[in-house]
Visitor: 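My structure is below; once you've seen it, I'll send some questions.
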Amino acid sequence: MQRTKVKELLTGAEEGKEVLLKGWVRTKRGNKFVNFIAVNDGSTIQNLQVVADAEKFGEESLKDVTTGAAVAITGQLVASQGKGQAFEIVANTIEVLGKADPETYPLQKKAHSLEFLREIAHLRFRTNTFGAVFRVRNTLAFAVHKFFNEKGFVYMHTPIITASDAEGAGEMFHVTNFDLENLPRTQDGKINYEEDFFGKATNLTVSGQLEGELAAMAFSDIYTFGPTFRAENSNTARHLAEFWMIEPEMAFHDLKMNADLAEEFIKYIIRYALEHNREDIEFLGQRLVEEDKAKPQNERQEMTLLEKLEFVVNNNFERVTYTEAVDILMNSPAYKKKKFQYEVSWGIDLQSEHERYLVEKHFKKPVIVTDYPKDIKAFYMRLNDDGKTVAAMDILAPGIGEIVGGSQREERMEILVERMKGVGIEEEDLWWYLDTRRFGGCPHAGFGLGFERMVQFVTGMGNIRDVIPFPRTPKNAEF
RNA sequence: UCUUCCUUAGCUCAGUCGGUUAGAGCAUCUGACUGUUAAUCAGAGGGUCCCUGGUUCGAGCCCAGGAGGGAGAGCCA
C-alpha cells in the first residue's frame, strides 16, 4: 500500500478507504478500551488522530507507541466522532518502526522553552513551533527563487571562498590547509601565504556583491542566494556567524528602481507565505499572543502576526531621506524629553533606538531610508550631486531593524578610485572589479537581504537562532 | 566586546534571616476510568543545588574566580 501524507489525508479525499500512515507519535491517551494516537509527519502542523481498539491490539503491542516513536499504521480513514478533527483513522495494524524510550526522550507532550529546545536542535524540528518555522522558511526560500525567476533574473553562484578582503563588510573567517602547529614563515617572520592551498590568503565570503556586479554587467539582472560568514563577536538575537543572504544586482537601475524592487520583492515573498503556510503562521501568531499575556498591557503587540503581515503586504513602505529622518528624530517628543541615549545630529549613523523610533513609533510600518552621509557608508556607493551623501538605502522593519541594505553603485571610475583610496584599498587588489568600470560600465544598483531576518519577520520569532536549523554563533557550533 | 539578569529534579520554577531530612507544577512509572483533544483522578520514584576555591560551628543562600545561557548595546544583514 502506498503511504499517504497527513496533509493529504486531512483533505478527506480518501474517506472510507484503507490507508497507510507513517509518522511520529505526538501523544497517546485513552483507557483500557480505546486509545487515541496523534501522529505527525511534518507535512502539516496538524496531527492525524488514530483510534486504536485497546482490546484488539492488547496492552503489549501498544506499549511502545509512545511520544516520539516512529510508526506505520494502516486503517480506514473515517469522519471523526470527536470534536477536534474532521477525519481520523481506525487502526487495523500498528507497527512501531523506531521506539522512543519515554524515560529518556527529551521532548514531552508539553511546551518547552525555546532556550531548552535550542540545546536539542537536532530534535526541535519535531515540535509544533519549529515545524511551523521551518516550513515557512522553506516556502520563503522557494518564493525568493520564484520571484526572481519570473522577472528574468539569473541565479548566480558566487564563490564561498574568496581572496577579496576589501569589502569592509565585516570580520572574516580564514580558510587554510596550513598545519596550524607549524606555519611556514617568510624571512621577516610573517606567515607565508604563498605556500597555502590557494597561494594567497583566503577567507569565507562576507558578501557576493562584488562578484554579483560582474555578472550583472553581462546578464543585466542577477541574484545570489547563499551562505555568508561573518566572524564578528556579535552576541545578539539578530546576528549569526553563518547566515543566508539574497543579493540582487541590476544593470541600468538607479536608487529608486532599486528600492521599488526591494519593496515588491519583500511583499511578494510574504504574500506567498501567507497563501501557502497560513496554518503555520496562524499557529506562530497564537504563540505570540500567549507570550504577550505574560507582559504588561503597554508592551503587548497592537496587531497579531497575521494582521501585521497583511498590513505590510497591503501598504506602501514609507520612504524618507536620511536628512528627513534626522529632522523627524530631532523634532520628536522623545528627543525633546532626552529619551535617546545617543546624540542625534546630521552625520551620525542612526542607532538602534533611532531606527526603532522611526519604524515602531513614528511611521508604524517598514521604512526605506535613503541618501546617507558618504562617510558612514561603503566606498562603492554612488556619490550624490551634493557631494556629501551617497545613493544608499536601508529598509527597516518593525521588531527586526535593518532587513535590507543596498545602494546604487558608483560607476564613475575616477570617483570610485578616489573613494577606495579614502578607505585604504589598493587599486590592484580590486583590478577585476574596476574592469567593470573600465569596460562597458553603466549605472547599476543592488541590495542585500538577510534571509534569516526575513524569516524572523514572517514567523515573529524573536531570536535569529530559532529560524536557522543549526545556528552558528560565537562559542557555539554544536550539531 | 560592554552592561545587566540568570544557572536548584527530565522540563518550568519556588526556596524566608546562613540553621534539622531541599519543595511545587508538569513529565515519567504504577493503578483507576467506555471517545480522548497537551484527557482526567489517585499513588510512587526521581537531586553533583553549574564548577573551583574561600568565610563560617554550619552555605542552595555570603565572598572571589571560572563556565554556560537570556535580555539590551556596539558591529551589521
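Convention: sequence-line order gives letters A, B, ...; per-chain numbering from 1.
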Visitor: Mind checking which stems touch RNA chain B? I mean at least 3 consecutive Watson-Crick or G-U pairs, both distances under 3.5 Å.
Guide: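 As far as RNA chain B goes, consecutive pairing (with distances under 3.5 Å) yields the stems B:1-7 with B:67-73, B:10-13 with B:23-26, B:28-32 with B:40-44, B:50-54 with B:62-66.
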
Visitor: Is any side-chain heavy atom of A/Gln456 closer than 4.5 Å to a side-chain heavy atom of A/Ile464?
Guide: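 The answer is yes, as the side chains (C-beta and beyond) meet within the 4.5 Å cut-off.
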
Visitor: Atom CZ of A/Arg26 to atom C1' of B/A27: distance rounded to whole Å?
Guide: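 Nearest whole value for this atom pair: 17 Å.
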
Visitor: For the P atoms, the ones on B/C76 and on B/U4, what distance do you get once it is rounded to whole angstrom?
Guide: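 25 Å, rounded to whole Å.
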
Visitor: Under 4.0 Å, counting only non-hydrogen atoms across every strand here, what does A/Thr104 touch: a base, just sugar-phosphate, or nothing?
Guide: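 The residue A/Thr104 makes no contact with any strand.
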
Visitor: Would you mind reporting whether A/Val320 and A/Val367 have side-chain heavy atoms less than 4.5 Å apart?
Guide: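 Yes, side chains in contact.
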
Visitor: For A/Asn476 and B/G69, give me the distance from atom CG to atom C1', rounded to whole Å.
Guide: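 Taking atom C1' of B/G69 as the reference, CG of A/Asn476 is at 10 Å.
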
Visitor: Would you indicate what A/Gln49 reaches in the nucleic acid, counting non-hydrogen atoms under 4.0 angstrom: base, sugar-phosphate, or nothing?
Guide: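 Base: the residue A/Gln49, judged by heavy atoms under 4.0 Å, touches a nucleobase.
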
Visitor: Using the side chain to side chain contact (heavy atoms under 4.5 Å, CB included) criterion, which residues pair with A/Phe125? Sequence neighbours excluded.
Guide: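 A/Phe125 satisfies side chain to side chain contact (heavy atoms under 4.5 Å, CB included) with A/Phe134, A/Pro469, A/Phe470 only.
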
Visitor: When rounded to the nearest Å, what value does the distance between C1' atoms of B/A22 and B/G46 take?
Guide: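 It works out to 14 Å between them.
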
Visitor: So A/Phe87 and A/Ser80, do their side chains get closer than 4.5 Å, heavy atoms only?
Guide: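 The answer is no, as the side chains (C-beta and beyond) never meet within the 4.5 Å cut-off.
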
Visitor: Between the side chains of A/Arg118 and A/Asp466, is the shortest nitrogen-to-carboxylate-oxygen separation below 4.0 Å, so that they form an ion pair?
Guide: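 Yes, A/Asp466 and A/Arg118 are salt-bridged.
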
Visitor: Please confirm whether the backbone N or O of A/Gly208 pairs with a side-chain atom of A/Glu247, one donor and one acceptor, at under 3.5 Å?
Guide: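 Between the backbone of A/Gly208 and the side chain of A/Glu247 there is a qualifying donor-acceptor contact (under 3.5 Å).
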
Visitor: Round to the nearest Å and state the distance from A/Lys28 atom NZ to B/U28 atom P.
Guide: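 Atom NZ in A/Lys28 sits about 11 Å away from atom P in B/U28.
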
Visitor: List every contact pair, protein side and nucleotides 30-34 of chain B side both N or O, where the distance is under 3.5 Å.
Guide:
residue : atom : partner : partner atom : Å
B/C33   : OP2  : A/Lys32 : NZ           : 2.9

Visitor: Look at the rings of A/Tyr223 and A/Tyr155 and say which category their plane angle falls in: under 30° parallel, 30 to 60° tilted, over 60° perpendicular.
Guide: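 Parallel, since the angle between the ring planes stays under 30°.
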
Visitor: Tell me the interatomic distance from A/Asn35, atom CG, to B/G35, atom C1', rounded to whole angstroms.
Guide: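 Between C1' of B/G35 and CG of A/Asn35: 11 Å.
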
Visitor: Tell me, please, whether A/Phe457 has A/Lys308 positioned over its six-membered ring: NZ or CZ under 6.0 Å from the ring centre and within 45 degrees of its axis?
Guide: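 A/Lys308 over A/Phe457 ring: yes.
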
Visitor: I need the NE2-P distance between A/His112 and B/G25, as an integer number of Å.
Guide: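 For the pair A/His112 NE2 and B/G25 P, the rounded distance is 19 Å.
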
Visitor: Can you tell me how far C1' in B/G60 sits from the matching atom in B/U8, rounded to whole Å?
Guide: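 Their C1' atoms lie roughly 7 Å apart.
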
Visitor: Relative to the 5' end of RNA chain B, which residue comes earlier, A/Lys109 or A/Val51, by the nucleotide with the nearest heavy atom?
Guide: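 Comparing both residues, the 5'-ward one is A/Val51.
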
Visitor: Choose from B/U12, B/U37, B/G35 the nucleotide whose nearest atom is closest to any side-chain atom of A/Ser113.
Guide: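 Side chain of A/Ser113 sits closest to B/U12.
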
Visitor: side-chain hydrogen bond (donor to acceptor under 3.5 Å, both in side chains): which pairs involve residues 360-370 of chain A, sequence neighbours left out?
Guide: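 Those involving residues 360-370 of chain A are A/Arg356-A/Glu360.
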
Visitor: Answer with base, sugar-phosphate or nothing: what part of the nucleic acid does A/Ala111 contact at a heavy-atom distance below 4.0 Å?
Guide: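 A/Ala111: base contact, heavy atoms under 4.0 Å.
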
Visitor: Starting from the 5' end of RNA chain B, give me the residue, A/Pro102 or A/Thr27, whose nearest nucleotide shows up first.
Guide: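 The answer here is A/Pro102.
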
Visitor: C1' atom, B/C11 versus B/G19: distance in rounded Å?
Guide: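 One C1' to the other, the span is 31 Å.
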
Visitor: What I want to check is whether an N or O donor and acceptor connect the side chain of A/Gln85 with the base of B/U36 at under 3.5 Å.
Guide: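 Such a pair exists between side chain and base.
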
Visitor: For a quick check of understanding: with a heavy-atom distance under 4.0 Å over all strands, which category does A/Ile403 fall into, base, sugar-phosphate or nothing?
Guide: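 The residue A/Ile403 makes sugar-phosphate contact but no base contact.
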
Visitor: Compare all side-chain heavy atoms of A/Phe148 with those of A/Phe265 and state whether any distance is below 4.5 angstrom.
Guide: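 The answer is yes, as the side chains (C-beta and beyond) meet within the 4.5 Å cut-off.
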
Visitor: When the P atoms of B/A24 and B/A9 are compared, how many Å lie between them, rounded to an integer?
Guide: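 Roughly 14 Å separates the two P atoms.
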
Visitor: Starting at CD of A/Gln81 and ending at C1' of B/U36, how long is that distance when rounded to a whole Å?
Guide: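 Computing the A/Gln81:CD to B/U36:C1' distance gives 11 Å.
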
Visitor: Using atom CD1 of A/Ile45 as one end and atom P of B/U37 as the other, report the distance to the nearest whole Å.
Guide: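 Those two atoms, CD1 and P, are 20 Å apart.
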
Visitor: Check the interface with nucleotides 3-10 of chain B: list each N/O to N/O pair with the protein under 3.5 Å, or write none.
Guide:
residue : atom : partner  : partner atom : Å
B/G10   : N2   : A/Gln108 : OE1          : 3.2
B/G10   : N2   : A/Gln108 : NE2          : 3.2
B/G10   : N3   : A/Gln108 : NE2          : 3.1

Visitor: Look at all strands and tell whether A/Glu355 reaches a base, only sugar-phosphate, or nothing, counting heavy atoms closer than 4.0 Å.
Guide: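 No contact.
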
Visitor: Considering only atom P, compute the distance from B/G69 to B/G23 and round it to an integer number of Å.
Guide: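 Roughly 32 Å separates the two P atoms.
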
Visitor: Looking at A/Arg135, is its backbone amide N or carbonyl O close enough to the side chain of A/Thr139 to form a donor-acceptor pair, meaning the two atoms are under 3.5 Å apart?
Guide: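 Yes, the answer is positive, given that a donor and an acceptor are paired below the 3.5 Å cut-off.
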
Visitor: Would you say A/Leu240 and A/Arg472 make side-chain contact, with heavy atoms under 4.5 Å?
Guide: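 A/Leu240 does not reach A/Arg472 side chain to side chain.
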
Visitor: Side chain of A/His239, base of B/C76: donor and acceptor closer than 3.5 Å?
Guide: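 Per atom types, the contact qualifies.
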
Visitor: Any donor and acceptor pair, going by atom type alone, linking the side chain of A/Arg26 with main-chain N or O of A/Leu48 inside 3.5 Å?
Guide: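 No, the answer is negative, given that no donor and acceptor are paired below the 3.5 Å cut-off.
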
Visitor: Counting only side-chain N and O atoms of A/Arg29, is one of them less than 4.0 Å from OP1 or OP2 of B/A39?
Guide: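 Yes.
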
Visitor: Can you tell me how far P in B/G35 sits from the matching atom in B/C41, rounded to whole Å?
Guide: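 B/G35 and B/C41 have their P atoms separated by 15 Å.
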
Visitor: Relative to the ring of A/Tyr335, is the ring of A/Phe340 parallel (under 30°), tilted (30 to 60°) or perpendicular (over 60°)?
Guide: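 Tilted, since the angle between the ring planes falls between 30° and 60°.
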
Visitor: With a 4.0 Å cut-off on N to O distance, would you call A/Asp254 and A/Arg382 a salt bridge?
Guide: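 A/Arg382 and A/Asp254: not salt-bridged.
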
Visitor: What is the distance from CG of A/Asn128 to P of B/U37, rounded to the nearest Å?
Guide: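 One finds 17 Å between P of B/U37 and CG of A/Asn128, rounded.
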
Visitor: Roughly how many Å apart are B/U55 and B/G18, using the C1' atom of each and rounding to a whole number?
Guide: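 After rounding to an integer number of Å, I get 12 Å for this pair.
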
Visitor: Set out, line by line, the N/O atom pairs under 3.5 Å between protein and nucleotides 70-73 of chain B.
Guide:
residue : atom : partner  : partner atom : Å
B/G70   : OP1  : A/Arg118 : NH1          : 2.6
B/G70   : OP1  : A/Arg465 : NH1          : 2.9
B/G70   : OP2  : A/Arg465 : NH1          : 3.0
B/A71   : OP1  : A/Asn463 : ND2          : 3.3
B/A71   : OP2  : A/Asn463 : ND2          : 3.2
B/A73   : O2'  : A/Tyr342 : OH           : 3.1
B/A73   : N6   : A/Asn235 : O            : 3.2

Visitor: Under a 4.5 Å cut-off applied to non-hydrogen side-chain atoms, are A/Asn40 and A/Trp24 in contact?
Guide: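 Sidechains of A/Trp24 and A/Asn40: no contact.
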
